[in-house]
Colleague: 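The structure under discussion is supplied below as structure tokens; questions concerning it will follow.
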Amino acid sequence: MAVPVGPQSAAGKIRQPSLSQLRAFVAVAEHLHFRDAASAIGMSQPALSGAVSALEEALGVQLLERTTRKVLLSSAGERLAVRARSVLEAVGDLMEEAEAARAPFTGVLRLGVIPTVAPYLLPTVLRLVHGRYPDLDLQVHEEQTASLLDGLGQGRLDLLLLALPLGAPGITEIPLFDEDFVLVVPRGHHLGGREDIPREELRSLDLLLLDEGHCMRDQALDICREVGRAEGGTGATSAAGLNTLVQLVAGGLGVTLLPRTAIPVETGRSGDLTTGSFRAPAPSRRIGLAMRAGAARAEEFQAFAAALRGALKPLPVRFAS
């Protein structure tokens with residue numbers, strides 16, 4: 001009697017899947033929708049459906065449960081989706097390492113920047129890239145810290161420019177500089193123009209902060225806790241960006257803290273603002289770069305950090321070693 005031969009060979013071995021089949025399956029596993037998955041990876045829906053079917057045939061396993069209304073992963077599909085993602089990530093790392101080894105400072109560099117850094121440092125970053133690395137395709141993404149870290153971990157971003165420390169696993173930090181916080185007050189305020197403001201003054205001031213999610217809000221709250229300011233002692237008014245924050249101060253709603261690199265841009269627009277500096281050691285923040293631990297372009301990013309420190313020397317900051 002003849003023995004039927006299915007998707008597996010007569011020797012019982014499964015066929016090796018292709019990368020395009022794995023990409024199609026992972027896209028469907030993430031979206032659970034053929035049309036959305038096809039759009040996400042730039043493939044036609046029939047081609048994607050065929051690739052997933054071919055993968056099931058090659059492996060001899062049903063990966064999906066298809067109905068007229070939705071797509072579900074089978075129990076085997078759930079397990080194999082994890083493996084498929086790992087394979088694709090490993091191939092991506094291989095391609096990235098080959099590209100970095102072939103020609104540093106070429107190709108795409110996807111840089112994530114927090115909003116309280118971007119307006120003040122990006123002009124210097126862009127001048128550096130255009131002048132020293134003309135073959136580098138810099139793509140900038142301005143997002144809050146949590147989103148940036150997620151993007152770095154998922155491979156959507158390559159390098160971050162933000163406040164440190166992060167304390168996140170799998171992340172290598174490259175410190176750039178420390179900068180003091182400056183008190184911004186309405187013109188005529190009794191602390192305006194002072195160079196020796198004690199931190200303890202923050203206990204009694206109407207301090208305006210950024211909205212939830214901004215790391216600078218957390219830094220300001222940490223400073224307040226250090227001087228014994230009660231939790232919840234800040235006003236109910238907050239702002240989505242530093243520009244709005246200083247406008248609120250100019251309107252007499254309170255005072256705020258700004259990093260020193262932001263002062264020329266944010267206070268120069270209004271004649272109704274003045275600043276005061278804190279007594280040493282002033283409250284400060286550290287700015288640096290962050291990359292995935294073991295990144296293929298680690299040496300390139302370290303060299304970029306050294307070049308960036310040199311380009312930032314005119315700023316009123318203290319450079320980290």
Side-chain angles (χ1 to χ4, degrees), residues 108-133 136-166 168 171 173-182 184 208-220 238-249 256-270 273 275 283-292 301 304-320:
V108 176
L109 173 58
R110 298 163 296 182
L111 178 68
V113 192
I114 57 174
T116 58
V117 163
Y120 323 115
L121 299 191
L122 274 182
T124 302
V125 172
L126 295 176
R127 284 193 298 270
L128 173 66
V129 170
H130 292 157
R132 185 174 298 194
Y133 312 118
L136 188 64
D137 179 11
L138 181 66
Q139 299 176 3
V140 177
H141 302 261
E142 184 184 48
E143 303 168 23
Q144 293 185 8
T145 299
S147 177
L148 292 180
L149 287 173
D150 180 69
L152 189 66
Q154 296 297 322
R156 180 173 59 84
L157 300 172
D158 303 309
L159 189 65
L160 308 181
L161 178 59
L162 71 180
L164 303 178
L166 298 168
I171 301 295
E173 300 178 3
I174 310 174
L176 292 175
F177 63 81
D178 297 318
E179 64 174 328
D180 292 340
F181 282 105
V182 175
V184 180
L208 303 177
L209 301 176
L210 290 172
D211 292 338
E212 294 281 354
H214 288 276
C215 62
M216 212 183 87
R217 174 188 176 91
D218 298 331
Q219 292 161 354
S238 63
L242 295 187
N243 179 256
T244 303
L245 207 57
V246 296
Q247 290 183 41
L248 296 175
V249 174
T256 195
L257 296 171
L258 289 190
R260 192 170 288 280
T261 53
I263 293 298
V265 174
E266 299 301 346
T267 65
R269 301 188 183 106
S270 174
L273 296 168
T275 62
S284 63
R285 70 173 183 175
R286 172 162 289 189
I287 299 299
L289 298 172
M291 61 182 172
R292 289 183 294 276
F301 294 159
F304 181 76
L308 187 54
R309 288 190 196 98
L312 295 171
K313 280 186 177 178
L315 295 181
V317 299
R318 299 179 301 279
F319 287 94

Colleague: Treating R217 as the side-chain partner and L210 as the backbone partner, does any N or O pair qualify as donor plus acceptor under 3.5 Å?
Modeller: yes
Colleague: Can you list the steps and then say if V317 with L312 is a side-chain contact (heavy atoms from CB on, under 4.5 Å)?
Modeller: CA-CA 9 Å; V317 299; L312 295 171; 5.6 Å; no
Colleague: Please state whether the rings of F319 and F177 are parallel, tilted or perpendicular, taking 30° and 60° as the class boundaries.
Modeller: perpendicular
Colleague: Would you indicate whether the side-chain heavy atoms of L121 and V113 approach each other to under 4.5 Å?
Modeller: no
Colleague: Drop me the distance from L242's CG to T267's OG1, to the nearest 0.5 angstrom.
Modeller: 11.5 Å
Colleague: Exactly one of R285, R286, R318 should register a salt bridge (charged side-chain N to carboxylate O under 4.0 Å, His left out) with D178. Which one does?
Modeller: R286
Colleague: CZ/R110 to CG/L160 distance, rounded to the nearest 0.5 angstrom?
Modeller: 11.0 Å
Colleague: To the closest 0.5 Å, what do you measure between CG (L176) and CG (L164)?
Modeller: 7.5 Å
Colleague: Residues two or more places apart in sequence or in another chain: which of them pass side chain to side chain donor-acceptor pair (under 3.5 Å) with N243?
Modeller: Q247
Colleague: Return the OG1 to CG distance between T145 and L152, rounded to the nearest 0.5 Å.
Modeller: 12.0 Å
Colleague: Look up atom CG in L315 and atom OG1 in T124, then write down how far apart they are to the nearest 0.5 Å.
Modeller: 5.5 Å
Colleague: Taking all non-hydrogen atoms of both residues into account, name the closest pair between Y120 and T261 and its distance.
Modeller: CB-O, 3.7 Å
Colleague: Do F301 and D158 pass the side-chain contact (heavy atoms from CB on, under 4.5 Å) test, and can you show the C-alpha distance, the side-chain angles, and the key distance before you say yes or no?
Modeller: CA-CA 9 Å; F301 294 159; D158 303 309; 4.1 Å; yes
Colleague: Whether the side chain of Q139 engages the backbone of V108 through a donor-acceptor N/O pair (distance < 3.5 Å, no angle test) should be reported.
Modeller: no
Colleague: Nearest heavy-atom pair of P259 and T116: which atoms, and what distance?
Modeller: CG-O, 4.5 Å
Colleague: Donor-acceptor pair, T256 side chain versus V184 backbone, under 3.5 Å?
Modeller: no
Colleague: If you measure from CG on L111 to CG on L289, what distance do you get to the nearest 0.5 Å?
Modeller: 7.5 Å
Colleague: If you take all heavy atoms of L157 and G112, which pair is closest and at what distance?
Modeller: CD1-CA, 4.2 Å
Colleague: Indicate yes or no: does R156 engage E143 in a salt bridge with an N to O separation below 4.0 Å.
Modeller: yes
Colleague: Work out which heavy atom in A163 is nearest to a heavy atom in I114; give both atom names and the distance.
Modeller: N-CD1, 3.6 Å
Colleague: Heavy atoms only: give me the nearest G155-R292 pair and the separation to one decimal.
Modeller: CA-NH1, 3.8 Å
Colleague: What verdict does the side-chain contact (heavy atoms from CB on, under 4.5 Å) test give for L159 and F304, after you've listed the backbone C-alpha separation in whole Å, the side-chain angles of each residue and the deciding distance to 0.1 Å?
Modeller: CA-CA 10 Å; L159 189 65; F304 181 76; 4.0 Å; yes
Colleague: Might you point out which heavy atoms bring A305 and I174 nearest each other, and give the distance in Å?
Modeller: CB-CG2, 3.6 Å
Colleague: Do L162 and V117 have side chains that approach each other closer than 4.5 Å (heavy atoms only, starting at C-beta)?
Modeller: no
